[in-house]
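Since the structure comes first, as structure tokens, the remarks are kept for the end.
Computed from a predicted model, the values in this text were never measured in an experiment.
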Amino acid sequence: MPSVVKINVLTVPAEQRETLEKRFASRAHAVENSDGFEWFELLRPVEGTDTYLVYTRWRDEEAFQAWMEGPMKAAHQGAGQGAQGAEGGRGGEGGERPRPAASGATLWSFEVVQQAGPKGE
């Protein structure tokens, strides 16, 4: 069975880039021990767009859904972005959650049909 790739497409205004990156850095290891997790990358735009890509690869759709309904949901409860909120913050002062750094989010889904890595020496 092929791996599945999920790409969360986040629209991030320039003034929120640092906030978004700090939030991801503060929980960099939150997904690593999830069953079926294979890879994560946060991709920063270099020119001409305000879109960040959050790339994750999973053993199968079931592993991704289990993470979405368990650890991810708990981490983002009330973060203001719903089930796709891959960047919501932690509770702030007075129990209030900080505003999301992204102004929009879309989730893309793919199956891996071909892949390659560096050749062994």
Inset, instruction - With the side chain counted from C-beta on, respond yes when Leu20 and Gln16 share a heavy-atom pair under 4.5 Å apart, and no when they do not. - result: no
Legend entry - Pro45 side chain near Thr51 side chain, heavy-atom distance below 4.5 Å: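 SC-SC contact between Pro45 and Thr51 ruled out.
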Check for me, please, whether [X] and [Y] land in the same ILVMFWY cluster - side-chain distances under 4.5 Å, paths through other members count.
X     : Y      : value
Phe40 : Val9   : no
Tyr55 : Leu42  : no
Phe24 : Leu53  : no
Trp39 : Val112 : yes
Val5  : Leu10  : no

Legend entry - Passing option when Phe37 is tested against Trp67, Phe64, Trp58 for ring pair (Phe, Tyr, Trp, His ring centres under 6.0 Å):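 Only one of Trp67, Phe64, Trp58 forms a ring pair (Phe, Tyr, Trp, His ring centres under 6.0 Å) with Phe37, namely Trp58.
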How long is the span from the [atom1] atom in [X] to the [atom2] atom in [Y], to the nearest 0.5 Å?
X     : Y     : atom1 : atom2 : result
Leu43 : Tyr52 : CG    : OH    : 10.5 Å
Arg57 : Ser3  : CZ    : OG    : 5.5 Å
Asp60 : Asp35 : CG    : CG    : 8.0 Å

Inset, instruction - Give the C-alpha distance, both sets of side-chain angles, the deciding distance and a yes or no for side chain to side chain donor-acceptor pair (under 3.5 Å) between Glu61 and Gln65. - result: CA-CA 6 Å; Glu61 182 67 24; Gln65 290 300 327; 2.7 Å; yes
Inset, instruction - List the atom of Gly36, the atom of Ala63, and the distance in Å for their closest heavy-atom pair. - result: CA-CB, 3.7 Å
Inset, instruction - Identify the two heavy atoms, one from Thr106 and one from Asn8, that lie closest to each other, and give their separation to 0.1 Å. - result: O-OD1, 3.2 Å
Inset, instruction - Take atom CD of Glu18 as the centre, draw a 6.0 Å sphere, and report whether it contains more than 12 heavy atoms from other residues, nucleotides or ligands. - result: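 Not buried by this count: 12 neighbours or fewer within 6.0 Å.
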Legend entry - salt bridge (Lys or Arg N to Asp or Glu O under 4.0 Å) pairs, two or more places apart, involving residues 40-54: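 Those involving residues 40-54 are Glu21-Arg44.
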Inset, instruction - Run the numbers on Thr56 and Lys6 for side chain to side chain donor-acceptor pair (under 3.5 Å), then give the verdict. - result: CA-CA 5 Å; Thr56 57; Lys6 301 294 182 173; over 6 Å; no
Inset, instruction - Decide side-chain contact (heavy atoms from CB on, under 4.5 Å) for Ile7 and Leu107; before the verdict, give the C-alpha distance in whole Å, the side-chain angles of both, and the deciding distance to 0.1 Å. - result: CA-CA 6 Å; Ile7 300 174; Leu107 185 65; over 6 Å; no
Inset, instruction - List for me each residue that meets side-chain contact (heavy atoms from CB on, under 4.5 Å) alongside Glu111, sequence neighbours excluded, and say none if there are none. - result: Pro2, Val4
